[in-house]
Peer 1: 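This is the structure I want to talk about, given as structure tokens.
Just so it is clear, the values below take in all heavy atoms, side chains as well, and ignore hydrogens, waters and symmetry mates. So you know, we letter chains A, B, ... as the sequences are listed, proteins then strands, and number each from 1.
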Number of protein chains: 2
Amino acid sequence: MKASFIFLIVAARPILALWPIPRSLQIGDSLVKLSPDFQIQHSILHPPQDLLDAISRTTERLWSDKLQRLVVDRGESDSRKLLNAPSLTGLSLSLVTTVGPVESIKEEATKEITTRIEGYSLSVPNGGVATIVANSTLGLFRGLTTFEQLWYDDSTGVTYAYQAPVTIVNDSPAYPYRGFMLDTARNFFPVVDIKRTLDAMSMVKMSQFHWHAVDSQSFPLSIPGFPELAQKGAYSSQEIYSDSDIQDIVNYAGAEIDTPGHTAIISTSHPEHIACPQATPWQTFANEPPAGQLRLASSSTTRFTANVISSIAKTLPSKMFSTGGDELNVNCYLQDAQTQADLMSSGMTLEQALDAFTQMTHGALRTIDKTPVVWEEMALEHQVALSNSTIVMVWISSRNAAAVAAKVLRLIHAPSDYFYLDCGAGEWIGGAIGNSWCDPFKTWQKAYSFDPLANLTAAEVPFVLGGQQLLWAEQSSPENLDSIVWPRAAASAEVFWTGSTLPDGSRPSSTSALPRLHDLRYRMVQRGIRAIALQPHWCALRNGACDF
Amino acid sequence: MKASFIFLIVAARPILALWPIPRSLQIGDSLVKLSPDFQIQHSILHPPQDLLDAISRTTERLWSDKLQRLVVDRGESDSRKLLNAPSLTGLSLSLVTTVGPVESIKEEATKEITTRIEGYSLSVPNGGVATIVANSTLGLFRGLTTFEQLWYDDSTGVTYAYQAPVTIVNDSPAYPYRGFMLDTARNFFPVVDIKRTLDAMSMVKMSQFHWHAVDSQSFPLSIPGFPELAQKGAYSSQEIYSDSDIQDIVNYAGAEIDTPGHTAIISTSHPEHIACPQATPWQTFANEPPAGQLRLASSSTTRFTANVISSIAKTLPSKMFSTGGDELNVNCYLQDAQTQADLMSSGMTLEQALDAFTQMTHGALRTIDKTPVVWEEMALEHQVALSNSTIVMVWISSRNAAAVAAKVLRLIHAPSDYFYLDCGAGEWIGGAIGNSWCDPFKTWQKAYSFDPLANLTAAEVPFVLGGQQLLWAEQSSPENLDSIVWPRAAASAEVFWTGSTLPDGSRPSSTSALPRLHDLRYRMVQRGIRAIALQPHWCALRNGACDF
């Protein structure tokens, strides 16, 4: 190794722009430029098409990002040095072991959440050929994503990295579930917006899109065998996710059909299945308008629900499927004569009926080898027997995670007090002047400060699968999707990839993370993702100058 | 008048979508469709080109808006009735008096703020020809803007109004100043974004764009005779407003060069004029980084400042020009040897020097017939003799308006506690986790509840020129411009146009305003303005169903 290679831990050079920051990282301070002949090669027999596609995308982005360094001179002083800088001529991808046929990225990414292999090693030498080595095509894909974030353009159009050599050994996520949830029911989001969101998620190595597809207000999802649900429940015929739209979206997505609450809109096609549809005053029957819940005590409704869930779930590659279960309103059922009659005839309490309803929907999912996911009330507030394989999303408060783990159930952190991206815009209900229940705004710094293991015993730690930031869309629409989500949602992506220790051994802090998040934000903008400014541009160019 | 014309006050038909709502309004419940031969005609000899342009734009929008009614059936039930509905064949514009040559819209819109004529009368009969009558071309323009908001498309492509006849008599603004302020210095906004913003402002009859063009962080404004300010102070050579850009923007704009604070960036081209440039820790020298203020005690700096202000102001049509004057940091001057020497040699106190500095810059403005505008500190916190013509922007608190009026100075409401659009996103300074000084988020309902005359005596009322919502851009960029501003900023546009009484005699309330604001928002989206959803689409289609 040449004497000019000075290895430094990342804390001394905080502006290296990798997000999430790898769990192991060594960098130098040399410039290396991308050779005009640069190519990505691989040594994989029968490579899956989606790996080849990923290689093409990376190759294109290396030249099209055209991001300038976030320093005052935007890299102008690099230009002189670049004249004599060594060139990187290629990147070579290889798999460590290839027993049997090579699986595609999609196959790996849709395996059971705890069995996916995402790790990779990356070496970018000071000239010559870089390498990515992994145990799966998904690992190679993660490595490509890291590699893309190393490159800048100077004003003469030279593409270069400035902290070579870069050595990353066995970077793999601290938690397998690193997600983002989008609600497409309160307001509709066209497929193009969702796909752009998936691209942005992929930039920060998120592993799971949680598609809260339908809710009380609209049913935009086309479900095989139940076309009437969307035909009568979507906002318009143009605002329906078709079968092909869905397949386009769900390669990395788990979907949710929230039940038995949040289902009012089903009354437009199946009034027989909905209790208290649009009952007024809505406050008495639901947490938000319109009221309406599936008649969980009806065997006919239970069968219908299980069939709907099963019908859509079996078309989706993801192992996870959420049946919801949040914000059940008891009064709605008390006032519903049909439900009361059903309970009377079966001799069940409402809680017993909810348990039977859930056994039916979850049983239908397990029959097709899917893992049920529920919101925390199903584990903490109701008397429902959840199988040990069930995954629980903790949303009401981060403090409730420990209670879920204590029930020997796996959990996903989705706490409203850290991760709800919609909070802070004020109450949207008509006639309100005040602020909303989940105010204030959850800043990226707040999300970044989240501790996934707070209040957990060592025995409970393995139950944490990861976490996600969420966009409930009462006050969101395609117009503000990017700006309300990015770069904020990158915060949890790093929390759950990198974990509690940075590669230099220090604890994560928003102060040291800020310059990297700036870099990610500007790179997102270069790629057409409308991520917002975190600070004045003046500050983004001057690391530390705008700190307290 | 036919018996089928049922006149109703607007409160009984709250979903007529005019924003701001006219001060006088009568509507019916008849459908009238736009004739395929519909034309806008006028009886004006030598019409100014900008009126003809406005007529063309309105004509185009009537057909291109293609907004569907915000009702559950999106107007489908109107389609049958439209078959036999009468047609509007034209709109006729006329001026009441035409003594002398007809002035252009721009000439009227850039007159001294209290002398502009904006009133108009509009009649849309149930078939035949509609009329707009006004006393100025600006009045005709306001009438055209109202007329545009009456029209919807049904699913068969018929364009129609559904509350004809519409009669508006002498609708004119309660306050002449109805503004929006954009900060283009913390982050840069391309001209195309500003022009789209001006279009949106025009939709809600705002009268004034307050261009906070430069600040501590960047100087994007090309100023005749001082090209070095932008050359060295802009973020890049692509992020400068050229002379022609400026002329494109300022037809309806007053600009601001904030002085003597908020000028750090001038040190890049004129270090001799700036005290404590980028001094650290910045907290000691400025409210936000970077520190740096004009050396107000230096006669050379004072002349330089007056020359810069005069040079740009004389190229702008607006009568108003702001010299800023907010957040002056005394410590910066105490620590600046040059300023202390200047004060010593002149024998002045800092306050006396500030007064002399202000007399010079304001004198330069008055020489070229401009009205100086200042932030409230200049009237309330400093010993500066402001001429009676000076206009004061009240920003620190709405409670300070009365103190300004008590000083016999005209004021513009720009209070941070109601109208700051940037508040509520958390602290942007690095290392912060908490929320910011001006949290929480200022909802549209909060802005809409603003009382321009609160705490004022009858004698002080005439000093209120109007008000504006403001976007400080520390955490904003082109990516979220529309979504953070619209439709929220429409709230103050109605407060200051319509005043304290709706046409039915009631007081404005956000509950009754909501359906009209929904309508405006959806129409903005149709025109390419990325205004955000206020509620789930389900609620927007059902007036009142999502109220408390």
Side-chain angles (χ1 to χ4, degrees), chain A residues 74 185-188 216-218 235-236 265 278 280 282-283 288-290 424-433 435 439-446 449 473-480 482-484 509-511 514 525 530-539 541 544-548, chain B residues 74 185-188 216-218 235-236 265 278 280 282-283 288-290 424-433 435 439-446 449 473-480 482-484 509-511 514 525 530-539 541 544-548:
Chain A
R74 307 310 306 271
R186 272 54 179 251
N187 283 297
F188 180 79
S216 308
Q217 292 84 357
S218 76
Y235 282 135
S236 74
I265 200 69
Q278 294 196 40
T280 56
W282 60 263
Q283 293 93 323
E288 72 178 41
E427 179 55 63
W428 58 267
I429 291 290
I433 295 251
N435 293 98
D439 274 357
F441 183 81
K442 309 307 174 214
T443 64
W444 76 265
Q445 296 96 326
K446 172 86 174 175
S449 73
E474 284 88 350
Q475 293 160 292
S476 287
S477 53
E479 287 69 31
N480 70 329
D482 292 14
S483 60
I484 203 167
S509 85
S510 63
T511 312
L514 176 58
V525 170
R530 299 173 67 84
I532 66 168
L534 298 168
Q535 289 188 325
H537 187 58
W538 190 91
C539 303
L541 300 182
C546 295
D547 289 354
F548 269 125
Chain B
R74 307 310 307 270
R186 272 56 178 252
N187 283 297
F188 181 80
S216 308
Q217 291 84 356
S218 75
Y235 282 134
S236 74
I265 200 67
Q278 293 195 43
T280 55
W282 60 262
Q283 293 93 323
E288 72 179 40
E427 179 57 62
W428 57 267
I429 292 290
I433 295 250
N435 292 100
D439 275 358
F441 184 79
K442 309 306 173 216
T443 64
W444 76 265
Q445 297 95 327
K446 171 85 175 174
S449 74
E474 283 89 351
Q475 293 161 293
S476 287
S477 53
E479 287 69 31
N480 70 328
D482 292 14
S483 61
I484 202 168
S509 85
S510 63
T511 312
L514 176 59
V525 170
R530 300 173 67 83
I532 65 169
L534 298 169
Q535 289 188 326
H537 187 59
W538 190 91
C539 303
L541 300 182
C546 295
D547 288 353
F548 268 123

Peer 1: Less than 4.5 Å apart, any side-chain heavy atom of B:Val525 and any of A:Glu479?
Peer 2: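 Yes, close enough: below the 4.5 Å cut-off.
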Peer 1: Spell out, as yes or no, whether a donor-acceptor pair under 3.5 Å connects the side chain of B:Arg530 to the backbone of A:Pro478.
Peer 2: yes
Peer 1: Counting only heavy atoms closer than 4.5 Å, note whether A:Ser218 contacts chain B via side chain, backbone, both or neither.
Peer 2: neither
Peer 1: Could you have a look at B:Lys446, B:Gln278, B:Glu288 and say which one has the most heavy-atom pairs with chain A under 4.5 angstrom?
Peer 2: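 Winner by heavy-atom pair count: B:Gln278.
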Peer 1: What residue, out of A:Leu514, A:Leu534, A:Leu541, has the most heavy-atom pairs lying under 4.5 Å from chain B?
Peer 2: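 It is A:Leu534.
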Peer 1: I'd like to know which of B:Ile429, B:Ile484, B:Thr511 tops the heavy-atom pair count under 4.5 Å against chain A.
Peer 2: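 Answer, by heavy-atom pair count under 4.5 Å with chain A: B:Ile429.
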Peer 1: Please classify the contact between A:Glu427 and chain B as side chain, backbone, both or neither, with a heavy-atom cut-off of under 4.5 Å.
Peer 2: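 When you check distances to chain B, atoms from both the backbone and side chain of A:Glu427 fall under 4.5 Å.
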Peer 1: Give the minimum heavy-atom separation between B:Ser483 and A:Asn480, together with the two atoms involved.
Peer 2: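 Between these two residues, the closest heavy atoms are CB-CB, 3.6 Å.
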Peer 1: What part of A:Pro290 gets within 4.5 angstrom of chain B, counting heavy atoms only: side chain, backbone, both, or neither?
Peer 2: both
Peer 1: Side chain, backbone, both or neither: which part of A:Ala185 has a heavy atom under 4.5 Å from chain B?
Peer 2: neither
Peer 1: Less than 4.5 Å apart, side chain to side chain, heavy atoms only: is that true for B:Cys546 and A:Pro289?
Peer 2: yes
Peer 1: At a heavy-atom distance under 4.5 Å, which candidate from B:Pro440, B:Gly426, B:Ala545, B:Ala425 has the highest pair count against chain A?
Peer 2: B:Ala425
Peer 1: Hey, could you give me the CG/CD distance between A:Asn187 and B:Gln535, rounded to the nearest 0.5 Å?
Peer 2: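 Reported value, rounded in 0.5 Å steps: 9.5 Å.
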Peer 1: Measure the spacing between CH2 of A:Trp538 and CZ of B:Arg186 and express it to the nearest 0.5 Å.
Peer 2: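 It is 12.0 Å, given to the nearest 0.5 Å.
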Peer 1: With a 4.5 angstrom heavy-atom cut-off, is it the side chain or the backbone of A:Gln217 that approaches chain B, or both, or neither?
Peer 2: both
Peer 1: Would you check if B:Trp428 and A:Cys539 make a side-chain contact, meaning some heavy-atom pair closer than 4.5 Å?
Peer 2: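 When only atoms from C-beta onward are counted, A:Cys539 and B:Trp428 do touch, with a gap below 4.5 Å.
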Peer 1: When rounded to the nearest 0.5 angstrom, what distance separates CG in B:Asp547 from OG1 in A:Thr280?
Peer 2: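 So the CG of B:Asp547 and the OG1 of A:Thr280 are separated by 12.5 Å.
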Peer 1: Hey, does B:Tyr235 have a side-chain heavy atom less than 4.5 Å from the side chain of A:Pro536?
Peer 2: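 Yes, their side chains come closer than 4.5 Å.
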Peer 1: Given heavy-atom pairs under 4.5 angstrom as the criterion, report whether the side chain, backbone, both or neither of B:Gln475 touches chain A.
Peer 2: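 Looking at B:Gln475, backbone and side chain both touch chain A.
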Peer 1: Looking at A:Trp282, A:Trp444, A:Phe548, which one has more heavy-atom pairs under 4.5 Å with chain B than the rest?
Peer 2: A:Phe548
Peer 1: Out of curiosity, B:Thr443 OG1 to A:Asp439 CG, how far, rounded to the nearest 0.5 Å?
Peer 2: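 If I round to the nearest 0.5 Å, the distance is 9.5 Å.
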Peer 1: Under 4.5 Å from any heavy atom of chain A, what part of B:Ile532 do you find: side chain, backbone, both or neither?
Peer 2: both
Peer 1: A:Ser476 versus chain B, heavy atoms under 4.5 Å apart: side chain, backbone, both or neither?
Peer 2: backbone
Peer 1: What heavy-atom pair brings A:Ala531 and B:Ser477 nearest, and what distance separates the two atoms?
Peer 2: O-OG, 4.5 Å
Peer 1: Under the side chain to side chain contact (heavy atoms under 4.5 Å, CB included) rule, what do A:Phe188 and B:His537 come out as? Steps first, then yes or no, please.
Peer 2: CA-CA 8 Å; A:Phe188 180 79; B:His537 187 59; over 6 Å; no
Peer 1: Name the region of A:Ala432, side chain, backbone, both or neither, that has any atom closer than 4.5 Å to a heavy atom of chain B.
Peer 2: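 It is both, since atoms from each part get that close.
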